[in-house]
Student: 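I'd like to ask you about the structure that follows.
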Amino acid sequence: LIYVPLPTKALAMPGRLPPEAAELGYDPEVAASVYDGLLAQLRGAGIETLDARQALRRVDTAGTVPVYRTDPRLAPGGVEALSLALADLLGGGSGEARAVAVRADRAADGERPLASPMRTKLQTHCLSQVPMPLLGQGDQPVSRSLHAARSDAQPAPQVALVGSEIAVDPALGLADRLAARSGLSVAASMVAGEDRRADAFGAISSYLSSPDFENARPEVLIWVNPVWLNLSRYGSRPLRELIALAGPHCTRPIALSETANGVRGVLGGDVGAQAALRLDSGGTALRRVEFHFTAADGEIRRRIVDRHPEQHPTSRMVLPLAGLWPEGATSVEILADTPWGARPSLTLCEEI
């Protein structure tokens, strides 16, 4: 796993901030130290982490804008810088990301506009023309999606790239540039949404819960996440879901029986708060599932797992069991928003 916390525009381009930023209390040095402290904590926990701030700062210092002025996504210079830095980290780069500044100049007749909802919103408040984000004619994505149909002639990618559209939008071509720089096969998956303030986990949870990951895991998983998307916003539950999906923890099958509204499983008394349940619908894509847990005294507690509207739905969902009764639940009834497949299954994931 390589985690890439994408910096804010202010972190990547501090020299372009207006005077009002300082008047409002923004200090670039303090902000940079907070970002560097985040990297130190991640690396101290054994997580391979890319310093995307330094990569984008080099581009900005060289005079090339790394992030579009009127759009939250990476501009061509930023995409090139990030692909070089990742290639270096993967061992396939030539050291260019650290040795030279990246230029991403494009001839005027070789550019094409990039559709931008944010730029459209900004234009409604401006009398003059707001600059249009532009892509070079060479930025035509060719890398396949992680969720595309895979055949024997098309093996699993060596590198899986997941994240929000801020960097992983296919139109930006990050996967293609990384493949060219590293010499590795790269496939990508992103969740649409111009700023993705609500959900930092959409792309990675869709991929880890997919048959592609289960049956043909990549050698490297790169998770690109804007630093302003707080991974602890919903507590530890989303990360525990990812741990259960990625690791060898889900090994104990739980027998299911049909009910009037869904399926029911009997839970043993030794199921602890560190465990989780992995549900597989048996083939149909799931977007919303309700888990109704019953205690020994008949009390019922409900838990819900929702997919973001823009997520790629899969047949699997994971629910950590923290927060139930100290003695655990005796049974669970599961209600889905779609009909069950031929063979739905429920598995206990222990000690995640």
Side-chain angles (χ1 to χ4, degrees), residues 3-45 47 49-82 84-86 97-98 101-104 114 116-134 163-169 172 174 190-191 193-201 223-235:
Y3 183 65
V4 183
L6 273 185
T8 62
K9 287 187 179 183
L11 279 166
M13 302 181 289
R16 302 176 192 268
L17 288 169
E20 290 82 3
E23 294 171 6
L24 292 171
Y26 184 81
D27 187 323
E29 292 187 4
V30 171
S33 69
V34 172
Y35 182 91
D36 292 342
L38 167 68
L39 297 184
Q41 285 185 296
L42 288 164
R43 290 167 177 169
I47 299 171
T49 309
L50 178 73
D51 188 344
R53 184 181 74 88
Q54 290 292 349
L56 300 185
R57 284 286 293 116
R58 276 189 291 271
V59 175
D60 181 54
T61 302
T64 299
V65 177
V67 185
Y68 287 113
R69 299 174 189 269
T70 57
D71 189 273
R73 287 169 287 187
L74 294 181
V79 173
E80 182 73 358
L82 195 59
L84 282 166
L86 284 169
R98 299 183 179 88
V102 177
R103 300 292 297 179
L114 173 67
S116 172
M118 177 172 282
R119 184 258 178 195
T120 301
K121 288 181 182 179
L122 292 172
Q123 186 64 73
T124 63
H125 300 281
C126 299
L127 295 176
S128 58
Q129 186 73 6
V130 175
M132 174 70 74
L134 298 174
S164 79
E165 72 175 4
I166 301 296
V168 188
D169 188 335
L172 305 181
L174 176 60
M190 68 104 181
V191 171
E194 72 179 29
D195 56 17
R196 305 296 307 126
R197 290 180 181 174
D199 183 10
F201 295 90
W223 185 11
V224 184
N225 182 56
V227 73
W228 59 89
L229 296 183
N230 187 352
L231 296 182
S232 64
R233 180 178 178 182
Y234 299 108

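All heavy atoms count here, side chains included; hydrogens, waters and symmetry mates do not. If you read the sequence from its start, that first residue is 1, and numbering goes on from there.
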Student: Over all heavy atoms of both residues, which pair between Thr8 and Trp228 is shortest? Give the atoms and the distance, please.
Tutor: CG2-CE3, 3.7 Å
Student: Are the side chain of Thr70 and the backbone of Pro131 linked by a donor-acceptor contact shorter than 3.5 Å?
Tutor: yes
Student: Would you please test Leu39 and Arg53 for side-chain contact (heavy atoms from CB on, under 4.5 Å) and show each step?
Tutor: CA-CA 10 Å; Leu39 297 184; Arg53 184 181 74 88; over 6 Å; no
Student: Any side-chain heavy atom of Arg57 sitting closer than 4.5 Å to one from Pro14?
Tutor: yes
Student: For the backbone of Ala81 and the side chain of Arg58, can you confirm whether one donor and one acceptor N or O come within less than 3.5 Å of each other?
Tutor: no
Student: Return the minimal non-hydrogen interatomic distance between Pro76 and Tyr68, and the atom names on each side.
Tutor: CD-OH, 3.3 Å
Student: Within the side chain of Gln41, is there an N or O that forms a donor-acceptor pair under 3.5 Å with the backbone of Asp36?
Tutor: no
Student: Between CG of Leu229 and CG of Leu231, what distance do you get to the nearest 0.5 Å?
Tutor: 8.0 Å
Student: With rounding to the nearest 0.5 angstrom, report the NZ to CG distance, Lys9 to Asp71.
Tutor: 7.0 Å
Student: If you round to the nearest 0.5 Å, how far is SG of Cys126 from NZ of Lys121?
Tutor: 14.0 Å
Student: Give the intermediate values and the outcome of side-chain contact (heavy atoms from CB on, under 4.5 Å) for residues Val59 and Glu80.
Tutor: CA-CA 9 Å; Val59 175; Glu80 182 73 358; over 6 Å; no
Student: So, does Arg43 use its side chain to make a donor-acceptor pair with the main chain of Thr49 at under 3.5 Å?
Tutor: yes
Student: Indicate yes or no: at least one non-hydrogen side-chain atom of Leu6 is less than 4.5 angstrom from one of Leu82.
Tutor: yes
Student: Please find the pair of heavy atoms, one from Leu172 and one from Ile166, that lie closest to each other, and give the distance.
Tutor: CD1-O, 3.6 Å
Student: Does any non-hydrogen side-chain atom of Pro133 lie less than 4.5 Å from one of Arg119?
Tutor: yes
Student: Measure across Ala167 and Val224 and return the closest heavy-atom pair with its distance rounded to 0.1 Å.
Tutor: CB-CG1, 3.8 Å
Student: Tell me the closest heavy-atom pair linking Thr64 and Gly77, and the distance in Å.
Tutor: CG2-CA, 4.1 Å
Student: Tell me every residue that passes ring pair (Phe, Tyr, Trp, His ring centres under 6.0 Å) with Tyr3, counting only those two or more places apart in sequence or in another chain.
Tutor: Trp223
Student: Which heavy atom of Pro5 sits nearest a heavy atom of Leu38, and at what distance?
Tutor: CB-CD2, 4.2 Å
Student: Is it the case that atom CD in Glu20 sees more than 12 heavy atoms from other parts of the structure closer than 6.0 Å?
Tutor: yes
Student: Do Leu56 and Leu74 come within less than 4.5 Å of each other through their side chains, counting heavy atoms only?
Tutor: yes
Student: Applying side-chain contact (heavy atoms from CB on, under 4.5 Å) to Ser116 and Leu114, what does each step give before you reach the verdict?
Tutor: CA-CA 6 Å; Ser116 172; Leu114 173 67; 5.6 Å; no
Student: Tell me whether Tyr35 contacts the main-chain N or O of Ala52 through its side chain, where contact means a donor paired with an acceptor under 3.5 Å.
Tutor: yes
Student: How far does CG of Asp60 sit from CZ of Arg16, to the nearest 0.5 angstrom?
Tutor: 4.5 Å
